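In what follows, a single structure is set out as structure tokens and then discussed.
Predicted model only: the values in this text are computed from it and were never measured.
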Amino acid sequence: MDTYRGNTPAGVLVIEPMGNAGRFLVEAAHQLGISLYAATHKDIYDTYPAWLSGALTDVCFTDLADTGRALADMKAFCLSRPVTAVGVCWELLSHLAAPLAAMLNLPGNDPLVAQAPRNKIVMAEAFHTAGVPAPRWAPARDAEHAHRVAASHGLGWPLVVKPAEQGGSWGVRVVDGPDQLTDAVHAAQQFARALPHGLPLDRRVLIQEYVPGDEYSADTVVVGGVPYPLPVVRKDTTPGRYRIETGHTCPAGIPPSLLRRIQHTAARAALAVGIRNGIAHTELKLTPRAVDPVVIETGARLPGGNICELVEAATGISEAAAYLQAIAGQIPDTAPTRQQAAAIRFVLAPHAGTLQDIRIPPTPGTRHELHLTPGQYVNGPADSSARLAHIIATATHSAEAARLAEQAAARTIVKVS
């Protein structure tokens, strides 16, 4: 990036950089010569790993659960430092980033629809207004209301029940019939606040038509309202009640014409929820009878699930660098610099308990990283918190990369008490 405000390097305020995408932002900022600032709570900052706290030029300590206070604190902080862009790692904080950028007269997303990328009910309304192909849906206040909605809206069975506001597949269930609906709604409504900041959450649930088909994700960088598509990634999940991500593969291994349709539909979804200078991570499905890909949801953030690492391994594109360029209003670098394939597979806990042992045998063409170590408690396989490790494989073709990653995952030994 260029230098701003005299000879002072450009600075980016990241509202809570602790998260899966945080380390990719740190790496990209270092490569681009950008100073990183953070906004967080002092108690949260004290838990930062050294690689993150050591990468920050300065920190704005505030209460992100108090919107008015947080915006005032962050505005004063930015005005006294060379901050030229505002970003986030979590979509649940997009309602702070958009108005803050507007207050500072910096590039940002549309503050008038800042709730759309973080609230699935508002998002569904935005998709409907913009004509984005998406599943049929209805909001519900509680279990009794959900039963009436399911009976009156003709959504059919199975249904998907989701919290209006949450991420990481937390509280999401596929419901086969009315007898499972009450429990699914209660599971979706268990989250009153989002950790670690205690952000208050909309307790409503989204009742969504179940769409069968293969799953993909497509990220879109947007600058000045102009979308720049990033590589399409194939997504694998568990079957059954909980659809937890088990892995991703890039390239997605689909014909170019279909790939372009996915990218175009993802771009429409990003613009529909107000992305103007930033990035959107969009999840879609393809059904045999669909004219267009169907958008399941989108978020105003870099992807989780180590997709940044996956895409860079396969194509050389740094999504984090493209995001930093976009929030500064600059044309992003989205051209591939290599043509390889990469696949990631997650090692999931078989059930909740204490991790006793995990051993991933070396496999040529792969590398791995542990998320937890023996002695730590792990949740059961209901959402992304059940991940114990991930394995990344690289190869010439997608099928080979997927085979290598799956082979390493199959040979992994896990013991949970």
Side-chain angles (χ1 to χ4, degrees), residues 12-29 36 38-40 52 64 85-101 107-111 113-120 122-123 126 162-170 194-197 199 201 217-223 227-231 233 235 245 248 266-267 269-284 295-312 317-328 332 334 383-384:
V12 173
L13 176 74
V14 181
I15 305 175
E16 191 46 81
M18 186 177 67
N20 183 266
R23 66 187 179 101
F24 304 112
L25 282 175
V26 167
E27 293 168 2
L36 273 187
T40 187
L52 178 54
L64 297 179
V86 177
V88 295
C89 280
W90 298 351
E91 65 264 45
L92 288 178
L93 296 169
S94 59
H95 71 296
L96 295 174
L100 178 62
N109 295 327
D110 187 347
V113 289
Q115 293 291 336
R118 75 187 296 271
N119 186 300
K120 294 177 177 62
V122 181
M123 181 187 303
K162 301 179 178 181
E165 295 179 341
Q166 192 50 278
S169 301
W170 288 18
L195 299 176
H197 289 280
L199 302 173
L201 298 176
S217 66
D219 298 337
T220 309
V221 183
V222 183
V223 180
Y228 296 81
L230 291 166
V233 174
K235 174 181 172 181
E245 294 177 3
H248 306 278
L271 297 177
V273 298
I275 309 300
R276 297 296 179 266
N277 292 277
I279 195 168
H281 174 68
T282 304
E283 297 179 348
L284 313 93
V295 175
I296 303 302
E297 61 188 51
T298 192
R301 57 168 175 83
L302 284 164
N306 291 80
I307 290 177
C308 288
E309 183 178 2
L310 180 82
V311 168
E312 189 161 9
I317 298 171
S318 170
E319 293 203 15
Y323 175 55
L324 291 173
Q325 291 167 327
I327 59 178
T334 59
D383 52 54
S384 60

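- The minimum heavy-atom distance between Gly87 and Tyr323, with the atom names listed, is CA-OH, 3.2 Å.
- Using a 4.5 Å cut-off on side-chain heavy atoms (C-beta onward), Cys308 and Pro303 make contact.
- In this structure, Asn306 CG and Arg23 CZ are separated by 5.5 Å, a value rounded to the nearest 0.5 Å.
- For Ala269, the side-chain contact (heavy atoms from CB on, under 4.5 Å) partners at least two apart in sequence or on another chain are Phe127, Val132, Thr282, Val295.
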Review point. Does the side chain to side chain contact (heavy atoms under 4.5 Å, CB included) test come out yes or no for Asp219 and Glu319, once each step is laid out?
Key: CA-CA 9 Å; Asp219 298 337; Glu319 293 203 15; 2.6 Å; yes
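- With sequence neighbours left out, Lys162 forms a salt bridge (Lys or Arg N to Asp or Glu O under 4.0 Å) with Glu297.
- The only member of Ile15, Ile327, Val14 that meets side chain to side chain contact (heavy atoms under 4.5 Å, CB included) when paired with Val86 is Ile15.
- Atom NE2 of His281 and atom OG1 of Thr298 lie 8.0 Å apart (nearest 0.5 Å).
- When all heavy atoms of Ala116 and Met123 are compared, the pair lying nearest together is O-CB, 3.2 Å.
- The two residues Leu25 and Cys89 have their closest heavy-atom pair at CD1-SG, 3.6 Å.
- Considering only residues two or more places apart in sequence or on other chains, Gln166 meets the side-chain contact (heavy atoms from CB on, under 4.5 Å) condition with Leu92, Pro163, Trp170, Phe191, Leu201.
- By the side-chain contact (heavy atoms from CB on, under 4.5 Å) test, Pro332 pairs with Val221, Val223, Tyr228, Ala322, Gln325, Thr334, sequence neighbours left out.
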**Study point:** side chain to side chain contact (heavy atoms under 4.5 Å, CB included) between Leu230 and Val311, worked out
**Key:** CA-CA 9 Å; Leu230 291 166; Val311 168; 5.9 Å; no
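- Scored by the salt bridge (Lys or Arg N to Asp or Glu O under 4.0 Å) test, Glu91 finds Arg301 as partners (sequence neighbours excluded).
- The salt bridge (Lys or Arg N to Asp or Glu O under 4.0 Å) test applied to Arg276 returns no partner, not counting sequence neighbours.
- Taking the salt bridge (Lys or Arg N to Asp or Glu O under 4.0 Å) definition, one finds that Glu165 meets it with Arg118, sequence neighbours left out.
- Counting only distance, with no hydrogens or angles, the side chain of Asn119 and the backbone of Val122 share a donor-acceptor pair below 3.5 Å.
- Using a 4.5 Å heavy-atom cutoff, the side chains of Leu36 and Pro17 are not in contact.
- Between Leu271 atom CG and Thr220 atom OG1 the span is 8.0 Å, to the nearest 0.5 Å.
- One side chain, Glu16 or Thr40, offers a donor N or O that lies under 3.5 Å from an acceptor on the other.
- Considering all non-hydrogen atoms of both residues, Pro107 and Ala101 come closest at O-CB, 3.6 Å.
- Closest approach of Leu64 and Ala39 over heavy atoms only: CD1-O, 3.8 Å.
- Residues satisfying the side-chain contact (heavy atoms from CB on, under 4.5 Å) criterion with Ala300, sequence neighbours excluded, are Ser94, Asn109, Pro117, Ile275.
- Atom-to-atom distance recorded for Leu310:CG and His248:NE2 is 7.5 Å, nearest 0.5 angstrom.
- Minimum interatomic distance between Leu324 and Ala28 (heavy atoms only, all atoms of both residues): CD1-CB, 3.9 Å.
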